[in-house]
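Data block below; observations after.
Whatever order the structure lists ligands and atoms in, that order sets their numbers, starting from 1. Because the structure is a prediction, the values reported are computed rather than measured. The residues of the chain are indexed from 1 along the displayed sequence.
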Amino acid sequence: MMYNEKMLESFSKEYAERCQVTDKITAEMFDANGVLRGLRDKNGNGVVAGLTSISKIEAFRMENGQKIPCDGNLWYRGYNVIDLVKGFEGKRCGFEEVAYLLLFGELPSGEQLHNFCEVLATARHLPTNFTRDVIMKAPSADLMNSLTRSVLTLASYDDDIRDTSLQNVLMQCMKLISEMPMLAVYGYHAYNHYVCDESLYIHRPQPDLSTAENILLMLRPDKKYTELEAQVLDAALVLHMEHGGGNNSTFTTRVVTSAGSDTYSVIAAALSSLKGPKHGGANIKVVEMMADLRKEVSDWEDEEEVKEYLGKLLDKQAFDRKGLIYGMGHAVYSLSDPRARVFKHFVEALAIEKGRHKDFALYSMIERLAPEVIADKRKIYKGVSANVDFYSGFVYSMLDIPLELYTPIFAMARIVGWSAHRIEELVNADKIIRPAYKSIMVERDYVPMDER
Ligand SMILES: CC(=O)SCCNC(=O)CCNC(=O)[C@H](O)C(C)(C)COP(=O)(O)OP(=O)(O)OC[C@H]1O[C@@H](n2cnc3c(N)ncnc32)[C@H](O)[C@@H]1OP(=O)(O)O
Ligand SMILES: O=C([O-])CC(=O)C(=O)O
């Protein structure tokens, strides 16, 4: 039979409406059965699914026995992430230093860091013709998909793919950490050339450069970048590296690891989670949403007009009609996300240098107005504030990083956290993760075809 797109379309339209009815489980039914939607209670507390010593997130403080919302804090292996970022300010290789900390639990000495950088540099290597045969094939603006495809294909070049011994897993993780920037940046160049009709250039990474420097070198036609640009990108990578075991992509890592899967499959699953617009994919959505706002709102300084647009977003009447203000809200944080605070600081500094004050003023206004508008239209229990994805895209745009690479940059950093969690899961749990779903299905007797 010939392929018939129209037939598929009309069948799916009719049956999607059926699914909508058959599969509906109301919020009241969740409440009545004592099941927490999204595995979080009404105050935003997640169901505790495991123990970790990799990082810690704080969004509330106990005062006189009361849980009080506070500005968010994040620690990696005991160190406040803001102290870590300040610690390497003005220096190179923050990413490498913090990757060592997350993977091995301690800050490296100078010698340990030097050795680790050498290990990462030697692993920054793709199999022969991999760029031509895999990355350049079927290029797409969806770089997260091309990244996932590349990661899965790398498995075919590994003779020990199924060996889940710690040494082998660590080796695979370090290789993927090193290769990820090449897979993503070359994927962008393939798309830019074959789809956007621009020139194609593939620059090889340099062994003596840091991960952040290599990303900029591989991305730019002339391989040039300033020290400040490399430092801002380095700090951005560190801020995205890790966020506990419960975030969607890290939990995916732990779930797939617990099934005994190989490293490539685990990282591919984590990438598939991260690209979601409610998770890491929000950084692209924020920038697209802001572009839409600039088209729809005639006076960007008019608070009422901006508020009206934000209201339309929530009422599914503007932008992608999903009812979300991207870059706002968080499953854990209440008053603020510490990473968004740091990003805002970078934005402020860069916006002055790049003459983007007007954009900065608009972002700041939305950061202030969005929580009010969301609280007006939704039931808020723990407060809503700007998250890490709100300002990150703005920073990347000032570094001339193309939009398509925003979520892949998140992935280049978060793969360190995923690796640390994969290792922690392997070292400790050795038990398949398998939560329960309470069934509300009603049993029925089989009905023969001629009686339906
Ligand atoms: C790296 C990261 O993953 S950071 C998050 C990036 N994601 C985004 O920026 C997308 C926009 N934000 C969101 O979708 C949400 O805030 C999430 C998914 C991050 C967290 O959602 P929740 O855990 O449900 O947050 P919370 O419990 O505070 O939400 C309370 C209510 O406000 C709504 N809400 C929260 N944030 C938003 C938002 N930005 N836009 C519209 N509604 C929102 C929630 O949908 C929820 O309503 P519901 O009970 O009717 O479902
Ligand atoms: O913790 C979360 O749910 C999402 C998040 O901010 C992250 O993964 O960085």
Side-chain angles (χ1 to χ4, degrees), residues 26-28 30-31 36-47 49 52 54-60 69 72-74 76 81 236-254 270 273-290 310-316 318-340 343 366-367 369-393 406-407 409-411 413-418 421:
T26 61
E28 291 72 32
F30 275 89
D31 284 346
L36 305 178
R37 258 187 341 129
L39 301 183
R40 261 154 316 115
D41 70 17
K42 290 275 162 62
N43 301 317
N45 300 311
V47 169
T52 183
I54 299 168
S55 63
K56 184 173 111 172
I57 304 164
E58 179 189 65
F60 294 89
N73 276 304
L74 173 62
Y76 292 170
V81 74
L237 291 174
V238 169
L239 290 169
H240 280 99
M241 265 174 162
E242 160 59 10
H243 211 246
N247 69 80
N248 202 284
S249 55
T250 305
F251 191 57
T252 301
T253 301
R254 298 201 75 134
S273 155
L274 186 73
K275 69 174 289 197
K278 286 188 178 177
H279 191 15
N283 59 13
I284 293 184
K285 282 285 189 181
V286 170
V287 174
E288 291 174 342
M289 175 185 83
M290 295 300 282
L310 296 177
K312 281 189 190 160
L313 284 176
L314 293 179
D315 293 338
K316 304 187 177 177
F319 186 46
D320 63 2
R321 293 179 158 70
K322 296 278 195 237
L324 293 175
I325 302 178
Y326 292 98
M328 285 290 148
H330 195 274
V332 182
Y333 291 122
S334 49
L335 297 189
S336 69
D337 175 336
R339 303 162 299 173
F343 267 115
I366 288 168
E367 184 187 1
L369 297 180
E372 287 172 31
V373 182
I374 296 173
D376 257 9
K377 303 216 178 226
R378 302 277 190 275
K379 210 159 177 190
I380 297 297
Y381 305 91
K382 63 171 179 13
V384 168
S385 51
N387 61 51
V388 64
D389 289 322
F390 187 66
Y391 284 110
S392 63
Y406 292 2
T407 316
I409 286 182
F410 197 151
R414 185 56 62 88
I415 188 176
V416 176
W418 296 333
H421 281 272

[atom] protein-contacted, heavy-atom criterion under 4.0 angstrom:
atom                    : result
atom 17 (C) of ligand 1 : no
atom 32 (O) of ligand 1 : yes
atom 44 (C) of ligand 1 : no
atom 21 (O) of ligand 1 : no

Region of [X] that comes within reach of ligand 1 [heavy atoms, distance under 4.0 Å]:
X      : answer
Val286 : neither
Val388 : side chain
His279 : both

Give the numbers and elements of all ligand 1 atoms closer than 4.0 Å to a heavy atom of [X].
X      : result
Lys379 : 30 (C), 31 (C)
Phe410 : 1 (C)
Ala331 : 20 (C), 23 (O)

I want to check something: taking the side chain as every heavy atom from C-beta on, are His240 and Ile409 in contact at a cut-off of under 4.5 Å?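 Heavy-atom side-chain distance check fails, nothing below 4.5 Å.
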
I'd like to check Asp389 versus Tyr406 (side-chain heavy atoms, cut-off strictly below 4.5 Å). Are they in contact? no

Have Glu288 and Tyr326 got a donor and an acceptor in their side chains that come within less than 3.5 Å? no

Will you find, in the side chains of Thr407 and Asn283, an N or O donor that is under 3.5 Å from an N or O acceptor?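 Distance-only check passes for Thr407 and Asn283.
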
Please compare [options] and report which has the shortest non-hydrogen distance to [atom].
atom                    : options                        : answer
atom 10 (C) of ligand 1 : Pro277, Gly281, Gly329         : Pro277
atom 41 (C) of ligand 1 : Leu314, Ile380, Val384         : Leu314
atom 28 (O) of ligand 1 : Lys382, Met289, Arg339, Met328 : Lys382
atom 37 (C) of ligand 1 : Leu313, Val373, Ile374         : Ile374

Pick one of side chain, backbone, both or neither for how Arg414 approaches ligand 2, counting any non-hydrogen atom pair under 4.0 Å. side chain

Hey, are Lys322 and Asp320 close enough for a salt bridge, meaning a charged N less than 4.0 Å from a carboxylate O?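 No, no charged N to carboxylate O under 4.0 Å.
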
Sub-3.5 Å N/O-N/O distance, [X] and ligand 1:
X      : value
Gly327 : yes
Ile325 : yes
Asn387 : yes

Parallel, tilted or perpendicular: which fits the ring planes of His243 and His330, with parallel below 30° and perpendicular above 60°? perpendicular

Protein contact of [atom] - nearest heavy atom, named by residue and atom, plus distance:
atom                    : answer
atom 47 (O) of ligand 1 : Arg378 CD, 4.0 Å
atom 14 (O) of ligand 1 : Leu324 CD2, 3.5 Å
atom 2 (C) of ligand 2  : Asn247 CB, 3.3 Å
atom 24 (O) of ligand 1 : Arg40 NH1, 4.1 Å

Nearest-0.5 Å distance, [atom1] of residue [X] to [atom2] of residue [Y]:
X      : Y      : atom1 : atom2 : result
Arg414 : Ser249 : CZ    : OG    : 5.5 Å
Leu369 : Ile325 : CG    : CD1   : 9.0 Å
Glu242 : Thr52  : CD    : OG1   : 6.5 Å
Asp337 : Asn73  : CG    : CG    : 10.5 Å
Leu239 : Phe410 : CG    : CZ    : 10.5 Å

What atoms in ligand 2 come closer than 4.0 Å to a heavy atom of Arg339?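 Listed by number with element: 5 (C), 6 (O), 7 (C), 9 (O).
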
